[in-house]
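Just the heavy atoms: all of them, side chains too, but no hydrogens, waters or symmetry mates, feed the values below. Quick caveat: nothing in here was measured; it's all calculated off a predicted structure.
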Amino acid sequence: MTKEKEEHREDPMQIDSNRVPTGSLLTDYLRIYYGKFFPYTDMFKWLAYGNDGKHPGCDSSYFGRREFSFTIKSDRDEVYLRFQSFFNASEMETSIKAKCPTKIDIGAVYTVDPAKRHAYAQSGFNPIERELVFDIDISDYDDVRYCCSGADTCLNCWPLMTIAIKVIDTALREDFGFSHILWVYSGRRGVHCWVCDSRARRLSKEQRSAIADYFHVYKGGENSLKKVTFAGPLHPFLARAYTDVLKNEFEKWVSTQKLFEHEERFHKILQLIPDESVVSELAEKWQGNSVRWEHLKHMLQSGSKKTQGLRRCIEEIVFSYTYPRLDIQVTKGMNHLLKAPFCVHPGTGRICIPIDPKKCEEFDPTSVPTVAQLIEELNANASIGADNYVEKTSLAASVHLFRTCFLEPLIKTCKDELENAYNTKIQQTKDSLNW
Amino acid sequence: MEIVRSQRRNGSDGSGSSASLPLYKSAPSLEFRLEEFGQYAIDRLRVLQAISDGLSRGKKPEEMENLVSEQWRANMKHQDADKTLRKDIISHFVLRLVYCREEEMRRWFLSMETALFRYRFRLQNAEAQKSIMNELQLQYNVLGNAEYETIKDKLTEAARSVNFTSNPEAVFYKVPFEDVPELVASRRVFILKGFAFVPRNQVVSLVCTIFRSNISKALALTNRKWRAMIQDQEKDRIAPMVEALGNVYLGPDYSKPKDCAEISLKDINQLASTSFPLCMRHLFGKLREDHHLKHQGRMQLGLFLKGVGLKLEDALAFWRAEFSQKVGAERFDKEYAYSIRHNYGKEGKRTDYTPYSCQKIIMSTPSTGDHHGCPYRHFSEENLRAALNKMGVGGRAMDDIMDKVRNRHYQLACTLTFEATHGTSCETGINHPNQYFVESRKFFESKNKHSQPTA
């Protein structure tokens, strides 16, 4: 499926959009990507949260107190620069174009400009605002997927990520009342979630910890056998996750991963059943090829076995395989640095594009645009003399999604909040003048 | 700030207390004798230490309630309720002075005082509880009938998931979820659109969060005052007592290994197999096997090794030798060396970190790919048996250990392991991995001495 290499008058570089660029080629591609594609203005608008200087109630220092970090790779070396900060969009743009980082991370908003932190006492430099973030990696599910492992993913196992998005997105909106949520493809094997409501940004470490623990269902390292245990009826959040998402997804998973067709695969499931007699009865009956999963369900649900720990066994099995596995530490910390959306993943060349949670089943990680592909499209557009070259590339759809589903509603809310806060302040000043 | 006068007239201490459970809002203007200063503090410390012990053994809330009740009666209670209150308040404020001085101490004191408050609060009657909530100016709103009807099913569902046979609770409070992080974290309440619906019997959590936050602020304040003037003013009177009290119960923190306890790299394998507790053996083994450990694993093992006497240069060489086999020496130097130096207090804010105690390790929760935490808590029975087998434990001892594990007495299990592998008894019980190591070395040292031929 190799594309033909095309030569253009304007750009003598030959592009093979299937090759993942490395070394100086990567740097060249990044230069073009950062030169033409990276959406600086949109990123600024997002992270300024309305503090763009236009309203008298704005805090013009806000954007400048945000920490960014750059990873810069050259042929010999890799440099990691923390505590980068920019006063406005144009400074950020200049810096990124000059340095061409292979990765850009976004950190917290601090009490003072991170670049000037040394001028303040230890106690004066602290993170005060930070989005609530989640990081989900498909390699954390290696023990339950048989089609891929490690950094690979395919359309058979990607549904695990879709499940994670659905479960967590619903809970964030329904249970916690958040609405400005951005889901981003991490470029290779997972997804990130940024919750940007002001209420979320102001959460303390303890509160973030509490939310992370609320979602923490799959527990235990490789030495514990059973990672999900339900002693009794499920909490409404878990019940909803099960009924709306996990139950049906597990049925699909059974089929795509052929869980009951291979002995070592269904053996793992049997290990989760805390009743020897059930296990041996099933193992015996399954010597032939029968409809095993149905059989198992029937046996566990029939209630004929009164063993302790069997009542929720089906749910435990389903959750063990499909429930989201978060990197808890990422969510708990306030100054954990997380990769910025619209970066290029150096390992795959793919762009970290947003995912619409309402249509997450349609997301296909194998067809996410790569930097090479974008540059090729750009050249093609240029050669036919099209205007607005970038807007006619595959990235346009992602930028559009970012704006309409996330940025615009967010900015509206921020402006409203700024307006209200400002008016309250004015009113208070007026009141204090009345005696 | 509201100050609720105590019911008894002659107990006006102005510290904002209800009849039997004070909130310690401000230092009392009471007079008391110097002997009471020390004695009251020690008595209270006994209660706090017992709580610390109970928590690390994973005691259930009902058991903790009993423990607190007994300990309080044994150490603090007086026939005259006024006198009890007086001792309560004095001892709390004295201990505040003692424990405000270092961050680790503040953290411990804060946790234990909050726990003490929690269980004492639970033991109060409904009226007393209500009056305390009033004092804390809790902005809780009782859930109205209309709203209640719309979410009644979910409230019941949530209640049942916590306590399977619970009867439907009638009174709920609607509170922003940020105010009850513990209840959210353990999924003990139903939450909707950012609000948690807390049944009256769970209001304890709310109250404790506020109590904790108040004490935390007070501790920071006390620390500043201590450093700024009290320490100096009182250097002949109270300061020496405060110092002494600070050493009473914490036990050694093992951050500075004593008596030429330094170990060298060439000994480390031998020491790991004879003197490391299971949690560290496991981490050590995994490190040797995978040439890698995740962050929490590195912290737990790294700080342990520091406490055991591994010098910084040796530590760097050790980790480097392992990690470079997986990620390469260059990447090690760039990505991991920094945090090792950081642990030894040579980078960043130069805190000299202390090795984790059993309590801390038991409370951590390992996840996929992690090897930290307490194996007695997290390993399946099969894996634990196998691991202990490798240490040479078998037979009767194995059964005893498994029994302790089943009853969630993880530290007792570790103590029994020590006894089984050393052939000697451990009177004090293990509550710190470095203590295990120190005791082990002591045992082997004395064994060698006795087996050496006399000149």
Q) In Å, rounded to the nearest 0.5 Å, how long is the span from NE2 of B/His371 to CZ of B/Arg298? A) 12.5 Å

Q | Working for side-chain hydrogen bond (donor to acceptor under 3.5 Å, both in side chains), residues B/Asp153 and B/Thr156 | A | CA-CA 5 Å; B/Asp153 298 331; B/Thr156 315; 5.5 Å; no

Q: Measure distances from A/Ile328 to the heavy atoms of chain B and classify the residue's part below 4.5 Å as side chain, backbone, both or neither.
A: neither

Q) With a 4.5 angstrom heavy-atom cut-off, which part of A/Leu238 approaches chain B: side chain, backbone, both or neither? A) side chain

Q | Test item: side-chain donor near acceptor, A/Ser139 and A/Asp142, under 3.5 Å | A | no

Q. Which region of A/Phe215, side chain (C-beta onward) or backbone (N, CA, C, O), has a non-hydrogen atom less than 4.5 Å from a non-hydrogen atom of chain B, or is it both or neither?
A. backbone

Q: Check whether B/Val189 gets within reach of chain A through its side chain, its backbone, both or neither, counting any heavy atom under 4.5 Å.
A: backbone

Q.
Under a 4.5 Å cutoff for heavy-atom pairs, which residue among A/Pro236, A/Ser209, A/Ala171 has the most contacts with chain B?
A. A/Pro236

Q. Strictly by modelled atom types, are A/Glu417 and A/Ser198 linked by a side-chain donor-acceptor pair under 3.5 Å?
A. yes

Q: Please lay out, stage by stage, how A/Tyr120 and A/Thr111 fare under the test side-chain hydrogen bond (donor to acceptor under 3.5 Å, both in side chains).
A: CA-CA 10 Å; A/Tyr120 296 85; A/Thr111 41; over 6 Å; no

Q) Considering only heavy atoms, which portion of A/Arg208 lies under 4.5 Å from any heavy atom of chain B: side chain, backbone, both, or neither? A) neither

Q | Donor + acceptor pair across side chains of B/Arg227, B/Asn223 (<3.5 Å) | A | yes

Q: Sort A/Phe237 into side chain, backbone, both or neither according to what part of it lies under 4.5 angstrom from a heavy atom of chain B.
A: side chain

